[in-house]
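See below for the structure under consideration.
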Amino acid sequence: MEPLGLVVHGKAEPFSAALRSLVNNPRYSDVCFVVGQERQEVFAHRCLLACRCNFFQRLLGTEPGPGVPSPVVLSTVPTEAFLAVLEFLYTNSVKLHRHSVAVTFGLGQLQERCVAFIEAHSQEALRTRGFLELSAAALLPLLRSDKLCVDEAELVRAARSWARVGAAVLERPVAEVAAPVVKELRLALLAPAELSALEEQNRQEPLIPVEQIVEAWKCHALRRGDEARGAPCRRRRGTLPREHHRSLDLSFK
């Protein structure tokens, strides 16, 4: 058997920086996008996009046409989101800001990677400004995850902070902003004293529908989890153990 050759690894940071310098760089580019309602030109490199993303492979085809190719118009895609997607495709990393790039642009694979990262770094992620600026569509898959490494009580506090920021920005009531996402909170995981405290806070600042709190109390009263309803009684990876969990027969899946 022929011996394996020596594998030499270069430094990742200079390599990533060199590729990042090509993002939206007209030099050597062979495809131009017209992005967003402002119709901003964004330059890219066909071969890199095609080999990294099936969407672009289908969009760009296999061969460029003769002469200068016509710009590809993506008028419904926010420019900031599109540039962030390009940065990820070029460098395999991206720093997300106000918008949920994966959700906005519909890149399922990128969204899955973002969720996996937050699952592994849940507590740190919940304390960032970026978490508070997530859209409801971006927050939903996080709150549905069993793999979040954070306790439910902390998730409830984070959801309240998120809703307060959204309410201030949108000039809407906190409960209205929170409505699409709070249904994913698993209140039955909270101990009775925690649930009572949450109920009192909810009277002062409505966040969670009363019916949802009643369902959590029902799980406590019946001393069992309602598996027929799916996730509301299922533990997450970071759920701290509580005495009543044994009587609810809650499992991590």
Side-chain angles (χ1 to χ4, degrees), residues 2 4-122 124-125 128-142 144-145 147:
E2 183 179 348
L4 295 177
L6 176 65
V7 178
V8 179
H9 295 282
K11 293 184 178 179
E13 188 174 337
F15 178 75
S16 178
L19 286 175
R20 184 173 284 106
S21 71
L22 296 177
V23 176
N24 197 20
N25 188 338
R27 190 176 187 185
Y28 305 127
S29 70
D30 56 0
V31 61
C32 176
F33 297 89
V34 177
V35 184
Q37 296 180 351
E38 67 275 20
R39 299 184 64 81
Q40 179 176 329
E41 286 189 331
V42 176
F43 300 94
H45 304 80
R46 181 184 298 266
C47 64
L48 198 152
L49 297 184
C51 75
R52 286 279 286 151
C53 178
N54 291 334
F55 169 81
F56 284 114
Q57 190 177 83
R58 294 191 299 268
L59 179 67
L60 300 175
T62 56
E63 296 291 342
V68 179
S70 300
V72 179
V73 179
L74 299 173
S75 58
T76 61
V77 180
T79 304
E80 182 180 350
F82 186 71
L83 288 172
V85 170
L86 288 188
E87 182 181 351
F88 179 82
L89 294 179
Y90 276 65
T91 68
N92 210 37
S93 65
V94 64
K95 183 177 181 180
L96 301 181
H97 298 285
R98 296 189 304 276
H99 305 292
S100 169
V101 176
V103 174
T104 300
F105 197 56
L107 288 182
Q109 187 179 20
L110 176 57
Q111 181 180 349
E112 290 171 6
R113 293 193 185 190
C114 292
V115 171
F117 179 85
I118 295 175
E119 287 172 341
H121 305 84
S122 304
E124 298 94 325
T128 64
R129 178 180 175 182
F131 172 80
L132 298 176
E133 295 174 341
L134 286 174
S135 66
L139 186 54
L140 274 173
L142 295 177
R144 289 170 179 161
S145 172
K147 298 180 181 179

Verdict with reasoning, L140 to R144, per side chain to side chain contact (heavy atoms under 4.5 Å, CB included): CA-CA 6 Å; L140 274 173; R144 289 170 179 161; 3.9 Å; yes
Counting only heavy atoms not in E13 (residues, nucleotides, ligands), do more than 12 fall under 6.0 Å from its CD? no
Could you check whether any side-chain N or O of S122 sits under 3.5 Å from a backbone N or O of E119, counting only pairs where one atom can act as donor and the other as acceptor? yes
Side chain to side chain contact (heavy atoms under 4.5 Å, CB included) assessment of N24 paired with L86: CA-CA 8 Å; N24 197 20; L86 288 188; 5.6 Å; no
Please check if the distance between the ring centroids of F43 and Y28 is under 6.0 Å. no
Considering all heavy atoms, the nearest L19-Y90 contact: CD1-O, 3.1 Å
For S16 and A12, indicate whether the former's side chain and the latter's backbone hold a donor-acceptor pair under 3.5 Å. no
Working to the nearest 0.5 angstrom, can you tell me the gap between F117 CZ and E124 CD? 8.0 Å
May I have the step-by-step check of side chain to side chain contact (heavy atoms under 4.5 Å, CB included) for L22 and H45, ending in yes or no? CA-CA 8 Å; L22 296 177; H45 304 80; 3.8 Å; yes
Do R20 and F15 form a cation-pi contact, if we require the NZ or CZ to be under 6.0 Å from the six-membered ring centre and within 45 degrees of the ring's axis? no
Of the non-hydrogen atoms in A125 and I118, which two are nearest, and what is the gap between them? CB-CG2, 3.9 Å
Using the rule given for side chain to side chain contact (heavy atoms under 4.5 Å, CB included), can you reason through R52 versus F88, listing the C-alpha separation, both sets of side-chain angles and the distance that settles it, and then say yes or no? CA-CA 10 Å; R52 286 279 286 151; F88 179 82; 4.1 Å; yes
